Amino acid sequence: QVVVQHRRGKRPYRYPCALVAAMAVARRVLFALFSSAVTPAGGRSIVIDGRKILVDGEVVHLKGVNWNPVPLGGREAIDADGTFHSDADFVGAVERDAALMRDAGINAVRTYTLVTDRVVLDTLYENNIFLLNTVYRGHEDLDHEVSRLDDIKDHPAVLMWVIGNEWNDQHCYARLTHDECRDRIKAGVQHVKLADPTRPVATVYGKLPSTETVEELEAVGVDVWGINYYNGTTFGELFQIWSTRSTSPMFVGEFGADAWNSAEGRMDLEAQADATKLLTDEIVTNSVADGGVCSGGMIFEFADEWWKDWTSSPTDHSTKGFRWVDEVASTYGPYPDYLYNEEWWGLVDIDRNPRPAYETYRNVSSPGRRLSNADPEARYV
């Protein structure tokens with residue numbers, strides 16, 4: 001069992017209806033009940049303390065990576081009815097991948113689907129790697145996905161549950177409007193909170209959510225925000241704006257650069273490594289561990305996936321670059337070409353050979369100054 005506590009003052013929620021208000025009250029009651037429980041031997045106490053996430057009294061700064069180990073020749077697809085098919089081989093990849101992650105100082109992974117195999121969770125835990133486990137992205141059978149939590153909600157590797165992935169841009173992978181998708185995300189949060197009130201629930205948004213979206217999602221139980229952000233080699237005003245928009249914990253859900261330069265038609269390992277350093281240093285500078293607003297970041301991604309260009313064979317390494325959503329007329333996107341070369345994002349290649357960006361990420365410093373209101377004996381995770 002993992003015990004979650006909240007140490008927040010009153011929040012200026014604006015409840016859109018009586019049902020949402022009732023859910024917020026129920027949420028506080030559940031947290032109060034579980035806060036008084038005794039953490040069993042081997043368990044973890046997870047505390048949301050303002051902008052900070054504390055695990056067993058330690059301030060968490062996520063030096064994380066997104067992980068979706070689809071092997072060479074594998075694919076992913078979503079049927080018209082929302083059924084998801086994936087060849088991601090978490091069991092087959094976890095031992096090798098976790099060792100490489102541990103050696104790079106990576107302490108967290110985020111998945112895009114729910115991982116329930118305890119071999120995977122055990123291996124991550126043995127390597128001191130937290131799991132941000134995505135339960136629901138908006139297109140699946142919600143009741144079915146939530147029922148699967150019963151098998152793993154006692155596992156200490158799971159740091160938090162995640163609902164959605166840049167759902168405002170991806171439309172819940174179901175061609176929904178923003179409001180329709182938001183309602184599915186809200187339902188997902190509520191269902192997961194009822195199934196496991198002992199862990200934080202995060203949602204991952206593409207770029208910055210509006211104040212109204214933040215308040216509405218937090219009112220139904222969102223504890224932590226992930227923000228996917230690609231803006232060359234800087235986050236711009238992301239952290240400053242977030243400081244005025246919410247007092248909840250926030251991590252960067254995706255960031256980084258791919259290793260193919262479409263502007264020059266070549267592999268560009270140096271540019272990927274340069275962006276990795278600049279962006280990660282900016283995350284560290286704004287860490288909650290040093291008085292900032294950011295609980296770390298999840299670089300995209302651990303290993304290349306060769307299935308992502310659907311116009312190409314999954315056994316060929318496509319160099320096609322994409323520009324997504326409303327970015328056609330903008331410079332928002334990854335450095336240096338502002339195109340998404342989807343099959344070249346790995347810190348390691350598909351055979352797990354490390355790129356310079358892996359070495360750069362390994363060498364990035366961690367935040368080091370203790371917060372005055374934290375346990376003086378606490379260490380940063």
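As the structure is a prediction and not an experimental result, all values here were calculated from the model.
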Using side-chain contact (heavy atoms from CB on, under 4.5 Å), reason through M298 and L62 one step at a time and then give a plain yes or no. CA-CA 7 Å; M298 317 296 289; L62 300 170; 4.3 Å; yes
Can you tell me if [X] uses its side chain to pair, donor with acceptor, with the backbone of [Y] under 3.5 Å?
{"X": "D56", "Y": "S45", "result": "yes"}
{"X": "D87", "Y": "V70", "result": "no"}
{"X": "T280", "Y": "K277", "result": "no"}
{"X": "T233", "Y": "A275", "result": "no"}
{"X": "N353", "Y": "D349", "result": "no"}
{"X": "N107", "Y": "K63", "result": "yes"}
{"X": "R51", "Y": "S243", "result": "yes"}
{"X": "E145", "Y": "T134", "result": "no"}
{"X": "R182", "Y": "T213", "result": "no"}
{"X": "S86", "Y": "E76", "result": "no"}

Working to the nearest 0.5 angstrom, can you tell me the gap between [X] [atom1] and [Y] [atom2]?
{"X": "R110", "Y": "E301", "atom1": "CZ", "atom2": "CD", "result": "11.0 Å"}
{"X": "R137", "Y": "C181", "atom1": "CZ", "atom2": "SG", "result": "11.5 Å"}
{"X": "L279", "Y": "T234", "atom1": "CG", "atom2": "OG1", "result": "7.5 Å"}
{"X": "R352", "Y": "D304", "atom1": "CZ", "atom2": "CG", "result": "9.0 Å"}
{"X": "I48", "Y": "S295", "atom1": "CD1", "atom2": "OG", "result": "8.0 Å"}
{"X": "R355", "Y": "Q272", "atom1": "CZ", "atom2": "CD", "result": "6.0 Å"}

Are [X] and [Y] connected, step by step, through hydrophobic side chains (Ile, Leu, Val, Met, Phe, Trp, Tyr) whose heavy atoms are closer than 4.5 Å?
{"X": "Y173", "Y": "L176", "result": "no"}
{"X": "W307", "Y": "W260", "result": "no"}
{"X": "L269", "Y": "L100", "result": "no"}
{"X": "L142", "Y": "F84", "result": "no"}
{"X": "V364", "Y": "I106", "result": "no"}

Do [X] and [Y] come within less than 4.5 Å of each other through their side chains, counting heavy atoms only?
{"X": "K186", "Y": "L217", "answer": "yes"}
{"X": "I227", "Y": "P209", "answer": "yes"}
{"X": "W306", "Y": "I350", "answer": "yes"}
{"X": "W345", "Y": "E254", "answer": "no"}
{"X": "Y335", "Y": "L278", "answer": "no"}
{"X": "H61", "Y": "V284", "answer": "yes"}
{"X": "Y361", "Y": "I299", "answer": "yes"}
{"X": "N133", "Y": "T116", "answer": "no"}

With side-chain contact (heavy atoms from CB on, under 4.5 Å) as the test, would you mind laying out the steps for N286 and M250 before giving the verdict? CA-CA 11 Å; N286 289 277; M250 179 272 281; over 6 Å; no
Does atom [atom1] of [X] have more than 12 heavy-atom neighbours from other groups under 6.0 Å away?
{"X": "E270", "atom1": "CD", "value": "no"}
{"X": "Q240", "atom1": "CD", "value": "yes"}
{"X": "R266", "atom1": "CZ", "value": "yes"}

If you take all heavy atoms of [X] and [Y], which pair is closest and at what distance?
{"X": "E343", "Y": "E305", "value": "CG-O, 3.3 Å"}
{"X": "E95", "Y": "T123", "value": "CA-CG2, 4.1 Å"}
{"X": "L347", "Y": "V65", "value": "CD1-CG2, 4.3 Å"}
{"X": "T177", "Y": "E180", "value": "N-OE1, 2.9 Å"}
{"X": "D154", "Y": "R118", "value": "OD1-NH1, 3.0 Å"}
{"X": "D309", "Y": "S318", "value": "OD2-OG, 2.5 Å"}

Under 4.0 Å between a side-chain nitrogen and a carboxylate oxygen: does that hold for K153 and D150? yes
State whether D103 and R362 are salt-bridged, where the test is any N-O pair (Lys NZ or Arg NE/NH1/NH2 against Asp/Glu carboxylate O) under 4.0 Å.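 Looking at D103 and R362, the cut-off is not met.
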Measure the acute angle between the ring planes of Y112 and F300, then classify it against the limits of 30° and 60° as parallel, tilted or perpendicular.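 It falls in the perpendicular class, over 60°.
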Parallel, tilted or perpendicular: which one describes the rings of F235 and Y229, with boundaries at 30° and 60°?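 Answer is tilted, since the angle falls between 30° and 60°.
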Using a 6.0 Å distance limit plus a 45 degree cone around the ring axis, check whether K207 lies over the aromatic ring of Y332.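 Positive - K207 is close enough to the ring of Y332 and near enough to its axis.
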Check whether NZ of the Lys or CZ of the Arg R44 lies under 6.0 Å from the centre of the six-membered ring of F130 and within 45 degrees of that ring's axis.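 Not satisfied by the 6.0 Å and 45° rule.
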In terms of side-chain heavy atoms, does [X] have a donor or acceptor partner in [Y] at a distance below 3.5 Å?
{"X": "H155", "Y": "D122", "value": "yes"}
{"X": "D258", "Y": "Y340", "value": "no"}
{"X": "S262", "Y": "N341", "value": "yes"}

Verdict with reasoning, F302 to V348, per side-chain contact (heavy atoms from CB on, under 4.5 Å): CA-CA 6 Å; F302 182 68; V348 301; 3.8 Å; yes
Chi angles and distances behind the ring-ring contact (aromatic ring centres under 6.0 Å, His included) call for F90, W67: CA-CA 9 Å; F90 292 99; W67 183 44; 5.1 Å; yes
Distance flag, aromatic centroids of W310 and F322, threshold under 6.0 Å: yes
Can the ring centres of Y205 and W242 be said to be less than 6.0 Å apart? no
In sequence, state the C-alpha distance, the side-chain angles, and the governing distance for V214 and V222, and then conclude on side-chain contact (heavy atoms from CB on, under 4.5 Å). CA-CA 9 Å; V214 168; V222 167; over 6 Å; no
